[in-house]
Structure formats: C-alpha cells, structure tokens
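Below you'll find the structure, written out as structure tokens, and then a few comments.
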Number of protein chains: 2
Amino acid sequence: MQEPPRPEHLRFAVLATDTVLITINNGELLVRLVGVNRPPHFVDAKGLPGGLLHPHETAEQATVRHLTEKAHVDASKAYIEQLYTFSNVDRDPRGRVVAVVYLALIPWEKLSAIEKTDTPESWWAPVTQAKKLAYDHDEILAVALARLRSRITYTTLINKLMPREFTLTELEHAYESILKTDLDKRNFRKKILKLGILAPLPHKKSGGRFRPAQLYRFASEKVTEIEVL
Amino acid sequence: MQEPPRPEHLRFAVLATDTVLITINNGELLVRLVGVNRPPHFVDAKGLPGGLLHPHETAEQATVRHLTEKAHVDASKAYIEQLYTFSNVDRDPRGRVVAVVYLALIPWEKLSAIEKTDTPESWWAPVTQAKKLAYDHDEILAVALARLRSRITYTTLINKLMPREFTLTELEHAYESILKTDLDKRNFRKKILKLGILAPLPHKKSGGRFRPAQLYRFASEKVTEIEVL
DNA sequence: GCAAAAGTGTTTGGCATACACCCATGA
DNA sequence: TCATGGGTGTATGCCAAACACTTTTGC
C-alpha cells in the first residue's frame, strides 16, 4: 500500500492536546463536548475540546487555553492530570496529529452560570450519552472513564469533583455514579470516616422534609494515595 | 526576559520518545543507558535511549526502533507501556522537544549475549547509580521507578521482569529489590500462592549446596490488576 | 556435621461484609 | 401522621502481621 500524499506542512507529527473535562451535577457524571465541523470528514459532529500546541507552551498550558477558548470553561479552577498520549498515525484523517490527553475535574459548584450553560458550540453531556464522537474521541473518553474509576478507589481524587461541603450520602452517590455500583450505606460511612480524610463541619444541611444531614469537607486539598474503597 | 532566538526548524515542538528499559540481574535492578555527546550542553554525558519520531510511526514504534538503534537491545521481546509525556519548554536546551516516555521491562534471561554486554555506547547501570543524566532524564527515571513500584503492588507486572522459571525466593527478592523493603518469607509465600497466578513446575532447581527449590512459572502472560502485596 | 537456603503453622487483631430498624423533619 | 432520607451496631469470617524451627543438600 502506498501512503496517500499529504501537504508538506502536515508530513511531520503535529502536537495537540485534548481534554476530558468531567463534572457531577445532580449525581450525574457529565463531560464537556464541543461542536466539530471539519468537512469532509466531520460535519455537525461533536468531540472533546482540544487544539494545537503553541511553540512556547507546555501541553498542560495548552489544555487550559483550549478549555477556555473552545469549551468556554475557565480551567484554572479545575484539577488537571495527564491521561495518555495518543499517537496512532491515522487518528486524525487530515494529517499526522499526536494528542496529549488530559483528564480534568471540576465541581459543578465552581462553575459560573455561563460555564454551566449549554450552547451549540459547547455543552455538558451525560457521559452515558457521549457516543459517536469525532476522531478517536470515543476511545479517549473510555480510557478517561476507566482511569477515573480506577483512581477514585485508591486515591482521594473524588474530592476534585465534590463541592466544598457535602453530606456523606452525596459523597456515596458520587462514588456510585462513577463506579456504577451500589455501596452499603453503613459500611461506606464506617470506612470513609475511619480514613480520616474528612472533617465534619459545625453545621448541617437542612431543607428537605426530613432529618438534616451532617456536612463534611475534605481535610486536605491534596490528592493522596490511600485505599479508599 | 526575552526568548533567545531559535533556528526556524526548531520553533515548533518536535516529537521524540525516550525509554526507561529495566531488567533484573542477580537481584539488582538495572537500567539501560546510552552515551550522550551534544556539545556544548552535554559532553561525555549519559542518558536514556531515545530519539525523534518518524512521520509515519507511532510513538511506541519509535521507542522500539530507538532501543534497537541506540541501546542495541531488541525491544520486540520487551514489555512496553507508556509512562508519561514530558513537555516542559526547556527540557532540551537545543530546542523544543516533547518526549513521550515509555517504561520497558525485559527479563535478563531473554537478552542475548550481545545485549547483555556493556560498551561505551550503551550499557546496563544499577538504577541506584544512574544519576546526573542528561536533559530531564533524572526526573524521568524517578517517575518510571515510582510507577514501577506502584504497579507491581496491584498488578502482575513483575512477571515481565522474571525468567520463565523461578523459585519463590527469587520472586520475593525481585519484589524486594524494586520496593526496597524486606518481606516476610512465610507471609509472602502464603499470599502469592493463594492468588493463583503461579503454576508449580514438575521439577526443582538444584545446584546450590542446599535443599533444591520448587520452580514456578506465571500462569498467564497477561498483566492483570489484582492486589498483589 | 556443618553451612546454606528451602520450607512450613499458629495466634492475634483488625477489617470487610452482610444485614434492619429508629430518628428527625416538613408537609 | 406520614413520607422521606439520616443515622446507627453487631456478628461472622477472612486476611494481614508477627514470629522460629526443621529439612534437605553439598561439601
């Protein structure tokens, strides 16, 4: 097989970043998507936010910039960690693009009203419905979710998705929505409290027509490695 | 501060791979190093094997090629997994180079006589003595060792460093040399055997002037995620 | 018989799991 | 008073951790 000819400026690999930006709203895991219109390959398509690296910025800086420019979310408030670098030769039909992909997490609470808004350019989609994405973004999303699932079981990563104050039930629901399993309420509480990563707050959350719930916060902002579940 | 001018062909990021190739010989963790001579920055220096991507190869293919060309080790026999992508703007003083770094593991047993040989071009060094490497390779090696340490505790990754047949004591020593801890012999045996990842062989290893040891092999070539230690 | 490494068992405590009912609140 | 989610304890079994001596072999 002969390689089809490519324009000279695309012959060598070009560096890009893509970002899987995740949040939780109402116990539902959401991912930020953007519209993709790149005829002839992608028309009225959707994908993950991303773009090329500038010559003098790191991949992580490029990620933050593209989230702002394309996803319209201020990523300086988000937690970002590198996920994987995708270098398949044909992952972009227009030319050779290698993508350094980041996983970004942000609590719904930290988003501004505008950032919560869905527009035709960029919007929040339930991860279960983020399918048929452009390029290799279906694969990237799958890798990101697998990593997220794995990491929350042995690190305190979930705190990057939780609001500052939350009840134990809300925390349990967050785990359940990511892991897609049911947890035992009593055992979950015993375990998570024994870890000592939570601090109780002096006030409770009332508002439902039921008993007020004790509020907690994470004792540290840091993501540390301890067996959580 | 003004950026120093750079030659035009280096203004955009160039893609490279570097590889941390690890083996174990005599219970000692070794890493493959190569000579680095890039005046004026690096003279008579040492570093990890690596190099630029060709336009039509993936990063992983480039890693295998560079291991052959520069480290003189046939990497098609090695286990390779992506480690991290380093994109600091100044990691290479000659220009903008982004490196996709791989962790590669190979049992000493699988190396040919030539591949075991040390030359001024490429050699095996105890990881404890691989210091003052060129570029950001000290940092890369540290990340690689941390990853290796972490992964062997919750996956069966160590089998990619073991010979086909080994005794339980040899396996225990492999864990100990990577983790830099002592393990309890009786507890280690109980645990590793209960996991069911090892299969006893019909023969024993004699040769010392002491009791012959039962030989084992890994039941599967695959690296799977189970709590090992 | 001795040096060297192989091989083996028990006790203890802590932790995971399974499981069901009462409590506080607002409507 | 009722509907709703908040909050709690116990019994069981498994597993991790600590710990020392006997066995087999070659010299």
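Values below: all heavy atoms of this structure, side chains included; hydrogens, waters and symmetry mates excluded. In the text below, chain A, chain B and the rest are named by the order of the sequence lines, each starting its count at 1.
- Closest to the side chain of B/F210, from the set C/dC23, C/dA5, C/dT10, is C/dA5.
- The A/K191 side chain lies nearest to C/dA16 when the options are C/dA24, C/dA16, C/dG7.
- B/T169 comes within 4.0 angstrom of sugar-phosphate atoms only, judged by non-hydrogen atoms across all strands, and of no base.
- Here chain B contacts DNA chain D (any atom closer than 4.0 Å to a heavy atom, that is under 4.0 Å), and the contacts span D/dC15 to D/dG26 from 5' to 3'.
- Taking the ring centroids of B/F166 and B/F218, they lie under the 6.0 Å cut-off.
- Under a cutoff of 6.0 Å and an axis angle of 45°, A/R32 and A/W124 form a cation-pi pair.
- Side-chain atoms of B/D92 do not come within 3.5 Å of backbone N or O of B/V97 as any donor-acceptor pair.
- Both B/K190 and A/L168 sit near DNA chain D, but only A/L168 has its closest nucleotide nearer the 5' end.
- Both A/L229 and B/N187 sit near DNA chain C, but only B/N187 has its closest nucleotide nearer the 5' end.
- With the nearest nucleotide of DNA chain D identified for both A/P212 and A/D184, A/P212 has the one nearer the 5' end.
- B/K194 comes within 4.0 angstrom of the backbone, heavy atoms only, and of no base.
- Aromatic rings from B/Y135 and B/F86 are positioned such that their centres are separated by 6.0 Å or more.
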Start with the C-alpha gap between B/R189 and B/E172, add the side-chain angles, then the distance that decides, and say whether salt bridge (charged side-chain N to carboxylate O under 4.0 Å, His left out) holds. CA-CA 8 Å; B/R189 283 160 186 249; B/E172 185 187 338; 5.0 Å; no
